[in-house]
Amino acid sequence: GVFSPSTTKLTLKWVSLGVALLLLLHWGAPSVDAHEDYMYQENRQQQRRGSCDPQRLSSCRDYLERRREQPSESCCNELERMSPQCRCPAIQQVLDQSASFMDSEDSWINQRRGRREGRGRREEQEMAERAAYLPDTCNVQEPPRRCDIQRPSRYSMAGGSF
């Protein structure tokens, strides 16, 4: 025969090991479910407090992009409702999204005009400053009232032209 006794023993060993592993995984599963339930409850609480979703701050975009002198009431209300640890990361994301959107708009306009200069450094600096002081500008009571915002650099983004 093709199977020698030692190969059969080895195969049986691996099969029983596989079955044992499956049983272990199966009986170990409830603790994973319990953990997921707990995580789910935490997520629900997070949502009630206000999520970190930067889309919620989309009303702040006009102010950050310097199309408005003051942030809108809805922008400040959303900022106020956001949990403190979410506030700055969300602002940073809105700023980054604005910057990359403006860059693509800039390059489109400049291609049409046959020029290649985009937004100036001063404009980028001003956007970053507006973003950093947004909680303070909105008069948000609980800290942080100022965010440590990284200036969006179009040179670090993919497709940025020098």
Side-chain angles (χ1 to χ4, degrees), residues 21 24-162:
L21 195 62
L24 192 68
L25 282 174
H26 181 72
W27 296 119
S31 63
V32 173
D33 290 342
H35 181 66
E36 276 176 3
D37 281 346
Y38 175 71
M39 293 290 282
Y40 178 71
Q41 281 172 331
E42 280 231 320
N43 283 344
R44 289 294 294 268
Q45 284 167 355
Q46 185 72 30
Q47 281 166 358
R48 248 178 266 126
R49 254 182 286 133
S51 71
C52 284
D53 182 16
Q55 290 311 118
R56 288 179 54 205
L57 296 182
S58 58
S59 52
C60 301
R61 227 178 226 148
D62 282 351
Y63 172 70
L64 293 180
E65 291 174 2
R66 300 164 50 250
R67 289 197 289 260
R68 287 180 68 115
E69 272 315 298
Q70 289 300 316
S72 66
E73 201 177 319
S74 59
C75 166
C76 290
N77 288 342
E78 283 297 348
L79 204 59
E80 186 90 51
R81 262 182 264 156
M82 212 167 241
S83 68
Q85 68 269 26
C86 283
R87 211 172 285 141
C88 292
I91 292 172
Q92 177 77 59
Q93 279 182 282
V94 172
L95 182 68
D96 291 345
Q97 287 165 2
S98 289
S100 57
F101 171 73
M102 285 173 75
D103 277 338
S104 59
E105 208 173 50
D106 277 351
S107 60
W108 185 79
I109 290 168
N110 290 329
Q111 277 169 0
R112 298 279 297 226
R113 292 191 191 137
R115 287 206 303 252
R116 282 178 67 101
E117 85 272 359
R119 216 167 50 250
R121 289 211 174 283
R122 226 180 60 224
E123 282 178 289
E124 281 179 3
Q125 186 62 46
E126 195 179 323
M127 279 176 74
E129 271 172 32
R130 283 186 168 210
Y133 289 100
L134 189 59
D136 195 44
T137 308
C138 278
N139 211 2
V140 173
Q141 290 310 307
E142 55 183 337
R145 291 177 57 90
R146 182 184 177 280
C147 295
D148 186 21
I149 296 291
Q150 301 303 310
R151 192 170 89 191
S153 161
R154 63 179 135 154
Y155 303 115
S156 67
M157 284 180 209
S161 56
F162 284 88

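- Expressed to the nearest 0.5 Å, how far CD of Gln70 lies from SG of Cys75 amounts to 10.5 Å.
- Screening residues 83-94 for salt bridge (charged side-chain N to carboxylate O under 4.0 Å, His left out), with sequence neighbours left out, gives Arg87-Glu142.
- Atom CG of Leu57 and atom OG of Ser98 lie 10.5 Å apart (nearest 0.5 Å).
- Side-chain contact between Cys60 and Leu134: present, with at least one pair of heavy atoms (C-beta onward) separated by less than 4.5 Å.
- Without hydrogens or angle criteria, Arg146 side chain to Pro135 main chain gives no donor-acceptor distance under 3.5 Å.
- Looking only at side-chain heavy atoms (C-beta outward), Cys52 and Pro89 stay at 4.5 Å or farther from each other.
- Met127 contributes atom CE, which lies 8.0 Å from atom CZ of Arg66 (distance to the nearest 0.5 angstrom).
- Two residues are said to be in side-chain contact when any heavy atoms from C-beta on lie closer than 4.5 Å; Arg151 and Leu95 fail this criterion.
- Note that the CD1 atom of Ile149 and the CZ atom of Arg130 stand 14.0 Å from one another [nearest 0.5 Å].
- In this structure, CD in Glu73 is found 11.5 Å from CD in Glu80, a value given to the nearest 0.5 Å.
- Proximity of Glu124 to Arg121: side-chain heavy atoms (C-beta onward) are separated by under 4.5 Å at one or more points.
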Requested in this report: Show the numbers, then the answer: is there a disulfide bond (SG atoms under 2.5 Å apart) between Cys76 and Cys138?
Outcome: CA-CA 5 Å; Cys76 290; Cys138 278; 2.0 Å; yes
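- The CE atom of Met82 lies 10.5 Å from the SG atom of Cys88; values are rounded to the nearest 0.5 Å.
- The side-chain tip of Arg68 does not point at the ring of Tyr63 from less than 6.0 angstrom away and within 45° of straight on.
- Within a 6.0 Å radius of CZ in Arg122, other residues, nucleotides and ligands contribute 12 heavy atoms or fewer.
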